[in-house]
Amino acid sequence: MNEQSGVIVKVSGPLVVAHGIPDARMYEMVYVGNKRLFGEIIEIKRDNASIQVYEDTSGIGPGEPVFSTGMPLSVELGPGLIGSIYDGIQRPLDVLRGKYGNFVTRGLFETALRRDKKWMITPLLKVGEEVQGGDIIGEVEETPLIKHKILIPPDIKGTVSFVAKSGEYTVDEVVLKVKTSYGEQGIRLYQKWPVRIPRPVNERIAPDKLLITGQRVIDAFFPIAKGGTACIPGPFGSGKTVVQHQLSKWADADIIVFIGCGERGNEMTDVLMEFPELKDPRTGRPLMERTILIANTSNMPVAAREASVFTGITIAEYYRDMGYSVALMADSTSRWAEAMREMSGRLEEMPGEEGYPAYLASRVASFYERAGRVIILGRENKEATLSVIGAVSPPGGDLSDPVVQATLRTVRVFWSLDASLAYARHFPAIQWLRSYSLYADFLSDFYKENMGEDWVDIRTKAMGILRKESELQEMVRLVGIDALSSSDRIVMETARSIREDFLQQNAFLPEDTYSSLKKQYRMMKLIDLFDILAHDGLKNGVELEEILSLPVRVEISRAKVIPEDNLEEFNKIEVNIRNSFKRLLKEVKNG
Amino acid sequence: MAKEYITTREIAGPLIIVDQVEKATYNEIVEIKLGDGSIKRGQVLEVDHDRALVQVFEGTSGLNLGDTKVRFLGRGVELGVASSILGRVFDGSGRPIDGLPPIVPDSKLDINGSPLNPYARDYPSEFIQTGISSIDGLNTLVRGQKLPIFSGSGLPHEKIAAQIARQAKVLGAQEKFAVIFVAMGINFEEANYFIQSFKESGAIERSVMFLNLGGDPVIERIATPRFGLTAAEYLAFELGMQVLVIMTDMTNYCEALREISAARKEVPGRRGYPGYMYTDLATIYERAGRIKGKSGSITQIPILTMPEDDKTHPIPDLTGYITEGQIFLSRTLNQQGIYPPIDVMPSLSRLKDKGIGKGKTREDHADVLNQLFAAYARGRESRELATVLGESALTPSDLLFVKFADEFEDKFVRQDILEDRTIEQTLDIGWKLLAILPIEELKRIRPQFIDKYLKLFIKKEGGVSAS
């Protein structure tokens with residue numbers, strides 16, 4: 001494929017130094033050693049190039065050859081991506097297993113997209129038409145859920161000189177030719193794109209729609225917009241991964257890209273086994289038909305882990321360029337940062353904080369910057385979004401960790417996971433006082449339209465109650481619960497109800513795992529109604545104990561398991577609440 | 001015959017540097033012959049031009065520059081495996097120390113293994129009954145899981161691990177199973193406790209031991225767990241056995257890793273541990289699991305002692321990020337004389353959800369589990385409040401929760417070291433305790449289970465008269 005161009009002089013774990021690669025370029029792909037391991041040039045000093053190798057370098061030594069490719073690390077973009085599982089450098093893990101067995105040994109190579117599969121396409125363009133990057137050549141039905149739009153690559157502009165007939169083609173066949181200023185270019189069903197370069201867009205615009213996740217604490221309190229960025233830092237065991245899985249299951253995006261970056265193998269297996277079984281709540285199709293998985297688990301080579309987030313986000317951008325709303329989950333960006341740290345250490349760079357390289361923050365920022373709501377390339381000026389949600393795993397859950405801090409400076413939503421909530425099995429363990437969303441205000445029109453005119457007020461009130469609760473708890477800790485006034489006791493009880501009956505959500509209970517906005521609204525309304533009537537009751541002489549022992553409170557607490565298709569149940573509970581208080585008031589009147 | 005090099009130029013800590021080497025490769029194993037004829041083994045950590053950096057497993061004592069002869073063997077570290085390794089005892093470098101002849105290997109396997117393709121994994125979902133309520137009921141272990149014990153010095157982790165090894169079974173299954181015991185830097189008495197316990201239960205016939213004790217070479221500890229796991233992979237995926245791997249003490253392993261890192265003058269991460277410790281630990285822990293289409297499995301129970309009981313220390317911290325939960329031992333419970341002193345609140349089994357419920361344990365398991373956790377958390381919170389303000393500051397319902405928490409520790413967590421509870425017994429104890437609480441507080445349990453189970457226990461409680 002290419003001849004020898006350099007010689008290895010040094011091997012230190014995943015870092016290999018080679019001498020004499022002609023015209024070596026930064027981020028060029030190379031094959032290392034007789035086993036032809038995948039690598040990428042990350043530093044050039046005179047005649048020596050440092051290469052990070054994406055596979056285990058055991059048994060490789062000085063004197064062995066290095067082969068250059070002249071290409072930067074790129075991914076293949078075309079039909080067949082959806083439903084696949086790739087490693088960090090886009091090798092298809094399912095194909096590798098079928099061909100080479102259960103363990104990923106070295107020097108294996110398979111193309112990311114199958115070359116033998118044919119796709120039906122009817123090209124929409126005509127000879128003589130002027131085209132530019134992003135224009136649609138035609139559509140391929142990739143899955144029953146997703147129409148894959150075959151696009152003119154971003155860097156091509158010119159006149160169509162050939163159009164293939166409607167028919168079935170493999171990804172490798174030329175379906176269109178374009179005369180450009182630098183010659184005629186054949187366009188196939190797939191294109192390649194270097195992972196470290198963001199795919200271009202026409203224009204970036206501010207997000208204005210909620211990414212509905214069905215997770216109450218997120219949708220109602222700390223929303224992420226379509227095209228937004230969010231991070232979930234938390235210590236181990238606080239439920240980062242469950243939240244990420246929940247979002248990839250239920251978020252109302254068209255395409256989900258899930259990157260398992262340096263995490264557990266079994267978690268990827270969980271996704272792989274569960275997603276084909278789960279149905280998309282909007283379309284009823286298996287979730288796998290809109291999902292792409294990148295799995296570089298913790299025991300797989302560390303350099304490929306560094307590449308995996310770029311591989312993932314480039315694929316996500318590609319679907320965004322078709323006009324879809326895409327959501328990308330990266331679990332966990334800390335492992336990515338650690339991979340950077342490891343390579344940086346081996347390059348003997350001057351370390352910054354905690355041994356991380358000095359460019360940590362800028363790398364993190366440029367990764368999240370690839371998210372956004374945009375006007376895509378192409379003549380149609382369509383809108384599309386790419387939302388990015390990154391988990392962060394700080395050591396000991398310490399938020400002063402450099403990765404957390406670098407991430408917080410760039411993302412707009414912060415879901416702070418709390419170990420003590422997790423210990424009490426309050427899930428999702430998103431701490432309501434520390435978390436924030438800078439999108440909440442942007443979205444108030446959306447909320448008014450989709451949840452209810454009064455939603456913004458109810459939400460503000462609920463947050464106020466939770467804040468008040470934490471103040472009151474301080475007081476209780478000092479002087480005991482008896483020192484609280486009855487109305488403060490109601491505040492405490494309402495806060496408890498918000499926490500237990502609304503914020504807590506059981507990801508493993510079918511009735512509770514996903515709540516529509518309508519249901520979220522009705523649930524919060526119940527709690528709010530009880531709160532209003534309780535305060536009102538107190539004013540009118542009802543005893544606190546009587547209110548607290550109302551049996552209707554059990555009904556409120558069980559409202560979360562009301563199925564989506566039976567929301568009239570809420571009317572009944574509302575009536576019960578009103579009647580309960582009417583009865584109490586009557587008893588007071590009657591003495 | 002490979003060349004013998006007498007060009008050792010530098011000896012520092014566990015490392016030596018050999019010059020003018022031809023064709024050394026990364027991770028290659030070397031044999032080092034001392035002046036007195038004795039032989040040590042080592043591994044190449046880095047090759048730079050013709051200079052090789054070698055870590056010596058048995059330590060560098062006795063080496064000098066003049067007489068040391070180094071041979072590069074052209075292969076990685078290997079373990080010879082055969083079904084006859086069952087019942088055998090090896091040292092930390094895989095050499096037999098039980099006085100029996102060496103194994104006649106069926107094949108030789110590189111101890112570093114290869115990463116398991118995530119696509120080839122089968123999700124662990126078979127419930128393992130350990131007979132310990134706080135594990136089975138609340139932090140359920142499943143086959144193929146890696147569930148470490150986070151302990152502290154002086155806590156009875158070896159008793160718990162041995163009890164698990166003794167009692168662990170998959171309900172209704174009659175399969176071949178094996179125990180691999182990996183000792184890293186622990187003392188003789190602790191290792192001996194395991195050996196005796198295996199002997200008493202007859203498990204010794206089905207076990208393989210790799211012992212690197214406190215007095216054995218420190219650097220050898222880097223390889224010891226890999227020998228154990230290579231044997232485990234062979235037994236599980238070639239011979240189809242259910243393998244339980246107990247590794248103790250991971251803290252000593254990490255310290256050996258730090259020693260090498262320091263000797264290499266690497267940029268240290270937190271508390272001097274190398275920045276790649278996460279990745280290194282992952283290459284050990286991720287070797288647990290199951291493979292689609294294979295009947296065998298590897299379940300890991302690593303033990304680590306948290307320095308100063310601090311779970312934010314890098315060793316437990318990084319471990320917790322890789323393993324699928326943890327069993328947390330509590331000094332307070334231990335001081336109260338409660339065995340096993342498992343603190344269920346910070347303990348966790350990430351894989352429990354797929355291993356419990358109808359057909360696996362019992363339909364009400366998930367609900368009972370959630371409710372026990374929530375109630376115990378609230379009880380502990382109230383109990384703390386009571387120690388500050390006195391019991392009079394608590395509401396009547398808080399007092400009930402305090403009572404619940406006390407009873408929970410006494411009846412649910414506490415059990416005898418020989419007591420092997422079935423999952424039904426465990427769940428029934430849970431219901432009995434929940435019956436202490438008013439029914440409207442049982443929010444985590446679905447009404448149909450309250451109807452079906454709770455009544456049973458309230459009645460019983462009345463009949464037998466509550467304690």
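Chain letters run A, B, ... following the sequence lines, proteins first, then strands; residues in each count from 1. Since this is a predicted model, take the numbers as computed values, not measurements.
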| field | Atom group of E440(B) that falls short of 4.5 Å from chain A, counting heavy atoms | value | both

| query | Given a strict heavy-atom distance threshold of 4.5 Å, which part of E233(B) is in contact with chain A: side chain, backbone, both, or neither? | reply | side chain

| message | For the residue pair R346(A) and Y276(B), would you count it as a cation-pi contact if the rule is NZ or CZ under 6.0 angstrom from the ring centre and within 45 degrees of the ring axis? | response | yes

| field | Contact class of R378(B) relative to chain A, heavy atoms under 4.5 angstrom | value | side chain

| Checking P268(B) against chain A: side chain, backbone, both or neither under 4.5 Å from a heavy atom? | neither

| said: Can you confirm whether P118(B) sits close enough to M300(A) that some side-chain heavy atom of one is under 4.5 Å from a side-chain heavy atom of the other? | reply: yes

| message | Using a 6.0 Å distance limit plus a 45 degree cone around the ring axis, check whether K311(B) lies over the aromatic ring of F236(A). | response | yes

| task | Quickly, which of N299(A), D87(A), D56(A) forms a side chain to side chain contact (heavy atoms under 4.5 Å, CB included) with P115(B)? Name it, please. | result | N299(A)

| note | Turns out that what part of I322(B) lies under 4.5 Å from chain A's heavy atoms comes down to both

| Is there a donor in the side chain of T241(A) and an acceptor in the side chain of R350(B), or the other way round, less than 3.5 Å apart? | no

| task | Could you look at S393(A) and say if it's the side chain, the backbone, both or neither that has a heavy atom under 4.5 Å from chain B? | result | both

| task | Carefully, step by step, assess R335(A) and T279(B) under the rule side chain to side chain donor-acceptor pair (under 3.5 Å). | result | CA-CA 9 Å; R335(A) 307 297 162 229; T279(B) 307; over 6 Å; no

| note | Applying a strict 4.5 Å limit to non-hydrogen atoms, the region of R75(B) in contact with chain A is neither

| said: Any salt bridge linking K443(B) with E500(A)? Criterion: basic side-chain nitrogen under 4.0 Å from a carboxylate oxygen. | reply: yes

| message | Using side-chain heavy atoms (C-beta onward) and a distance below 4.5 Å, is R444(B) in contact with Q504(A)? | response | yes

| message | Is I445(B) in contact with chain A via its backbone, its side chain, both, or neither, using a 4.5 Å heavy-atom distance? | response | backbone

| query | Cation over ring, R97(A) on Y119(B), under 6.0 Å and within 45°? | reply | no

| query | Among G239(A), G237(A), A419(A), who wins on heavy-atom pairs under 4.5 Å with chain B? | reply | G237(A)

| When heavy-atom pairs shorter than 4.5 Å are enumerated against chain B, which of T269(A), N266(A), L293(A), V554(A) gives the highest number? | N266(A)

| query | Contact part of Y278(B) toward chain A, heavy-atom cut-off under 4.5 Å: side chain, backbone, both or neither? | reply | side chain

| remark: dist S298(A):OG -> L318(B):CG (nearest 0.5 Å) comes out at 11.0 Å

| field | Region of V388(B) that comes under 4.5 Å of a non-hydrogen atom in chain A | value | side chain

| query | Side chain, backbone, both or neither: which part of R106(A) has an atom under 4.5 Å from a heavy atom of chain B? | reply | neither

